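Working notes for the structure below.
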Amino acid sequence: MIRLASLLDLEQIVDLIDSVPGMHQDYWRDGAIEQAIDMSDGLALVWEEDDEILGFICAHDFGFRGYMSILVVAEDARGKGIGTQLVKHVEDELSARGCTIVISDVMKNAESFFRYLDYKEPESILLYKKLM
């Protein structure tokens with residue numbers, strides 16, 4: 001079942017992120033997930049079954065576009081539609097808010113999943129710079 005994430009879920013969400021190899025990035029500062037949830041304005045969601053969080057998505061509405069900052073599904077829960085339903089829920093909410101485009105950082109091993117959901121390479125090139 002999809003529901004809003006809260007800071008009470010933080011420990012389970014962090015454990016879920018840490019359980020997926022390569023998901024947690026060393027450069028994330030302490031409190032990054034907590035801050036993302038705080039700043040999500042209702043776009044941080046979990047998939048919960050029997051009091052266990054099996055999926056987490058966090059997105060942000062920047063007015064001119066939506067940004068999906070993280071999607072993670074427990075490895076043993078994949079293939080059940082959890083990720084797809086979380087993404088669709090966020091897309092519907094962003095669309096209802098007036099966003100006409102959503103962008104996302106996608107890990108290389110999740111590229112085929114997002115392409116299956118009709119995500120494409122943007123017309124612009126996304127670049128990054130490490131600040132530390």
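Note that the coordinates shown come from a computational prediction; the quantities given were computed from them, not determined experimentally.
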(request) Starting from the C-alpha separation in whole Å, work towards a yes-or-no answer on side chain to side chain contact (heavy atoms under 4.5 Å, CB included) for Val102 and Arg65. (result) CA-CA 6 Å; Val102 61; Arg65 72 172 57 133; over 6 Å; no
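- For the atom pair Met68 CE and Leu43 CG, the distance stands at 10.5 Å (nearest 0.5 Å).
- Considering only heavy atoms from C-beta on, Leu10 comes within 4.5 Å of Ile37 through its side chain.
- Interatomic distance, CD of Gln35 versus CG of Asp30, reported as 11.5 Å (0.5 Å rounding).
- Under the 4.5 Å side-chain heavy-atom criterion for grouping Ile, Leu, Val, Met, Phe, Trp and Tyr, Leu54 is not connected to Met1 through any hydrophobic cluster.
- Interatomic distance, Glu34 CD to Met39 CE, rounded to the nearest 0.5 Å: 12.5 Å.
- Put simply, CD1 on Ile33 and CG on Asp18 are 9.0 Å apart, with the number rounded to the nearest 0.5 Å.
- Looking only at side-chain heavy atoms (C-beta outward), Cys99 and Glu91 stay at 4.5 Å or farther from each other.
- Nearest heavy-atom pair across Ser40 and Cys58 is CB-SG, 4.0 Å.
- The shortest side-chain heavy-atom distance between His89 and Thr84 does not fall under the 4.5 Å cut-off.
- Closest approach of Val46 to Phe56, counting heavy atoms only: CG1-CD1, 3.9 Å.
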(request) Go through the steps to decide whether Arg97 and Asp92 satisfy the test salt bridge (Lys or Arg N to Asp or Glu O under 4.0 Å), and finish with yes or no. (result) CA-CA 9 Å; Arg97 293 179 183 201; Asp92 290 347; over 6 Å; no
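- Although no hydrogens or angles enter the test, the distance criterion places a donor-acceptor pair under 3.5 Å between the side chain of Asp61 and the main chain of Gly63.
- A side-chain donor-acceptor contact under 3.5 Å links Arg78 to the backbone of Val73.
- Between atom CH2 of residue Trp47 and atom CG of residue Leu86 there is a gap of 7.0 Å, rounded to the nearest 0.5 Å.
- Here the CD-CG distance, from Glu52 to Asp15, works out to 10.5 Å after rounding to the nearest 0.5 Å.
- Taking 4.5 Å as the limit, some side-chain heavy atom of Leu7 sits within range of a side-chain heavy atom of Asp38.
- Side-chain atoms of Arg3 and Glu48, non-hydrogen and from C-beta on, do get closer than 4.5 Å to each other.
- Among Ile17, Ile13, Ile57, the one residue that satisfies the side-chain contact (heavy atoms from CB on, under 4.5 Å) test with Ile70 is Ile17.
- By the 4.5 Å heavy-atom criterion applied to side chains, Phe64 and Thr100 are not counted as neighbours.
- In this structure, Asp41 and Glu93 have side chains that are not in contact, with every pair of non-hydrogen atoms separated by 4.5 Å or more.
- Side chain to side chain, His60 and Ser69 meet the donor-acceptor criterion of an N or O pair below 3.5 Å.
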